[in-house]
Structures are given as C-alpha cells and as structure tokens.
Amino acid sequence: MKYLGKKLFTLVMTLFLVSVIAFLSFEIIPGDVVSSILGTEATPEREAQLREELGLNDPPVVRYVNWATGVFKGDLGVSYRYSKNMNEMMPVAELVGDKLPVTLWLAAFSLLMIIAVSIPLGVMWARSNNRFLDAALNVVTQTTMAIPSFFLGIMVTYFFGILLKWFAPGGYVSYDKDPWGFAGYLLFPALSIALPKIAMTARFLRNSMLKEMQSDYVRTAYSKGATKRSVMYGHVLRNAMIPVITFLGMIIAEIVAGSIVVEQVFGLPGVGRLLISSISTRDFPVVEILILYIAFVIIFVYFLIDILYRVVDPRISEK
C-alpha cells in the first residue's frame, strides 16, 4: 500500500511539473495566437476583444490556475483553431476524444504484432545452433532497425497499397462508419510501426536469453536432470524477460503516446497528427492537454512495468 501511495504521489507531481513547464514554454514561444486566429481579419479592436474572450489579458499565474482548475474539474477548455460552427469553438475534450481511439487502436494492433512475433522469434533464435539462420536473422533485423519509420511507411504503402492493392493509400475510413474497413486499413500502419520494434525486441530477448543460459543456475538445473525445454521455458525465459519487459514498456509508451510520423504518412487522424498541427497553429489548449496525455501514458506504463517485475520475479517485492 505504501508503494502504491508513493507511485501515485510521483504520478501527480510529475504531471503537475509537466503542466507548469508546458504552460510556461508557450509563454516564451514567439508568435501571437490572436493574430494567428484572426489572420487577415485582424484589427486592433477585434484583437483586443478576442484577447478578453480568451482570458489572455490575465497574468500568466492566473491563467495557469484557471486552466489547471478546469482540467481538474474535467473542463479541458476549448480549441483556438477548431470549431463546431462559426460561433462556437470545439471543446478540447471532444476534439481529443475523437482522435484518441485511432491512436489507441493503432497501438493495440502494433503491440499485438510485436509480442506475437518477437517473443517466439527471439526464443527460437536463442535456441538455434544454425550459423546460417543466425547470420540471416542478424542481417534482417539490423536492416529492419536501420530503416527510418517514414521510409518504412512509404515502402509498406507502395508494396501493399500500390503493387498488391490490398488497401487504398489515403483511403482511411472512420471506425464508427465501417469498423472492418477501419481495422483493415489500420493493419498496414501498424505493420510499419511493428517491424522495427519486432527486430529490436527479438534481438534483445535473444541476447538476454544467451546471457542467462551461461548462468550457474542453468548448469545446476541440468545436473538435477531437468530437460532442456523445462530449463529454457521455466527458468531462462522467465529471467530473460525481466529486462525485455522494460524495453517493451518503452515501446508501448512510444506507440500509445502517438506515432506521429506513421500517422502523417498514412493520413490517420490520431493524436500524433493532431499534436503537430496544433503546435504549428499555436493551439495551446490542445497542445497542453496532449502533452499531459503523453506524460501520463509514459508514467502509467512504467508503473505497470514495476508491477510486472514483482510478478515475474518475486524477489523484487522484498526490496
């Protein structure tokens, strides 16, 4: 209970510090959001009116307190750039809520591919004594890891979309209109995200297992008559997964926070793409919420990793 309380306190304090830093950063970034919103329609009178409407005439501390209080109550504010109609700005909660499912489903598909392929591949690679297979996997994984994600997305689009015509590039359909079409389209950006992560995870697991196989407890298990299969899956893999869990946690945090490049290449309306467009248009209420979301995802994922550590290796609970 003490451990959970400490972690929750760390979560809250980290989010508070991130929110303060994000808010202060926008105070010193060059550019005027009012001029950006009004564009060619800007006049001194209209600018003064809009500043008053958005509360930009208040001191920074007052604006931060008002914003943070609203977020605490569930009011995330309104977007400066997106609107429902000519007279009503779109609430940030509604805007982000519309984009978030796309990123979460993309992350889920990617993670499923990564775990389903990399874990068996890493185990097979560690157990294999075939030099040709070892050399081939080395070349393939290194090449896959070296390809930039934007170029990999272009390759997937060209091969599966243009040559094989398995999907229509740019033909994204919303999940609420066509769930199967949405899932079918998402498989290919998920593949673009998963391929380099599969190579990294498989190599990491293979190296971790090879290191564990040299440990004294493995030789002791064999001397007691344990089979190779029971040693490999009951002892080696269990211990080798401890550092791999941390690595997978980093991957999960990255893809759940928003795969910005892949979303841009495939035209996916996710939070990563929304973050880039909001930064370029100085839509600060949206950017601040997305930064908090990314920070929360990273902290929460590492919190889950700590819990998994205690499940995989009970000795950690004693420390």
Side-chain angles (χ1 to χ4, degrees), residues 1-11 107-146 190-191 193-256 297-319:
M1 196 68 181
K2 183 179 178 182
Y3 170 79
L4 291 177
K6 182 180 178 181
K7 285 294 181 180
L8 289 175
F9 176 76
T10 302
L11 171 64
F109 286 177
S110 304
L111 184 60
L112 182 62
M113 291 182 186
I114 293 167
I115 294 176
V117 178
S118 64
I119 303 300
L121 179 61
V123 173
M124 180 202 71
W125 194 359
R127 296 186 63 183
S128 174
N129 295 319
N130 190 313
R131 292 184 178 180
F132 176 78
L133 178 62
D134 184 65
L137 287 175
N138 261 313
V139 172
V140 171
T141 54
Q142 285 183 354
T143 302
T144 305
M145 289 188 297
L191 180 64
I193 295 173
L195 281 176
K197 305 297 189 295
I198 289 172
M200 295 177 190
T201 307
R203 288 180 67 89
F204 200 84
L205 178 58
R206 178 247 187 185
N207 294 336
S208 182
M209 290 187 67
L210 291 178
K211 181 180 179 181
E212 290 295 328
M213 288 165 67
Q214 304 301 318
S215 301
D216 292 336
Y217 72 84
V218 174
R219 289 188 288 269
T220 301
Y222 281 132
S223 67
K224 291 182 177 181
T227 63
K228 184 176 181 179
R229 182 179 181 84
S230 64
V231 171
M232 184 66 64
Y233 293 101
H235 301 282
V236 173
L237 180 59
R238 185 184 182 91
N239 290 318
M241 281 299 297
I242 294 176
V244 175
I245 288 174
T246 302
F247 186 71
L248 284 173
M250 296 170 58
I251 291 175
I252 294 171
E254 177 186 343
I255 60 180
V256 173
V297 166
I298 294 173
I299 298 168
F300 185 70
V301 166
Y302 279 101
F303 171 75
L304 292 180
I305 289 173
D306 287 342
I307 300 298
L308 284 175
Y309 273 165
R310 284 160 169 74
V311 174
V312 174
D313 189 352
R315 294 173 299 176
I316 299 178
S317 303
E318 302 171 2
K319 298 180 180 180

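Keep in mind that the numbers below use all heavy atoms, side chains included, and drop hydrogens, waters and symmetry copies.
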Nearest 0.5 Å, please: how far is [atom2] in [Y] from [atom1] in [X]?
{"X": "M213", "Y": "R127", "atom1": "CE", "atom2": "CZ", "answer": "8.5 Å"}
{"X": "F204", "Y": "M241", "atom1": "CZ", "atom2": "CE", "answer": "10.5 Å"}
{"X": "I245", "Y": "L304", "atom1": "CD1", "atom2": "CG", "answer": "11.5 Å"}
{"X": "I298", "Y": "I252", "atom1": "CD1", "atom2": "CD1", "answer": "12.5 Å"}

Residue of the set [options] for which side chain to side chain contact (heavy atoms under 4.5 Å, CB included) holds with [X]:
{"X": "L137", "options": "R203, R206, M124", "value": "M124"}
{"X": "S118", "options": "V123, I198, T141", "value": "I198"}
{"X": "T201", "options": "V117, I251, I115", "value": "I251"}

- prompt: So, for A199 and T144, which heavy atoms are closest and what is the spacing to 0.1 Å?
  reply: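 Looks like CB-CB, 4.1 Å.
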field: Minimum heavy-atom distance between A202 and L121, given as atom pair plus value
entry: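 Between these two residues, the closest heavy atoms are CB-CD2, 3.8 Å.
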message: Counting only heavy atoms from other residues, nucleotides and ligands, does the tally under 6.0 Å from CZ of F247 exceed 12?
response: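 Enclosed.
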task: Assess whether atom CE of M113 is packed by more than 12 heavy atoms of other residues, nucleotides or ligands within 6.0 Å.
output: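 Atom CE in M113 is packed in, count exceeds 12.
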task: Answer whether the closest heavy-atom distance between the side chains of I114 and L248 falls below 4.5 Å.
output: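 A side-chain contact under 4.5 Å exists here.
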task: Check whether any side-chain heavy atom of N138 sits under 4.5 Å from a side-chain heavy atom of W125, and report yes or no.
output: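 A side-chain contact exists here, since the closest heavy-atom pair is under 4.5 Å.
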Short side-chain to backbone donor-acceptor contact, S208 and L205, under 3.5 Å: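 No: the side chain of S208 does not pair with the backbone of L205.
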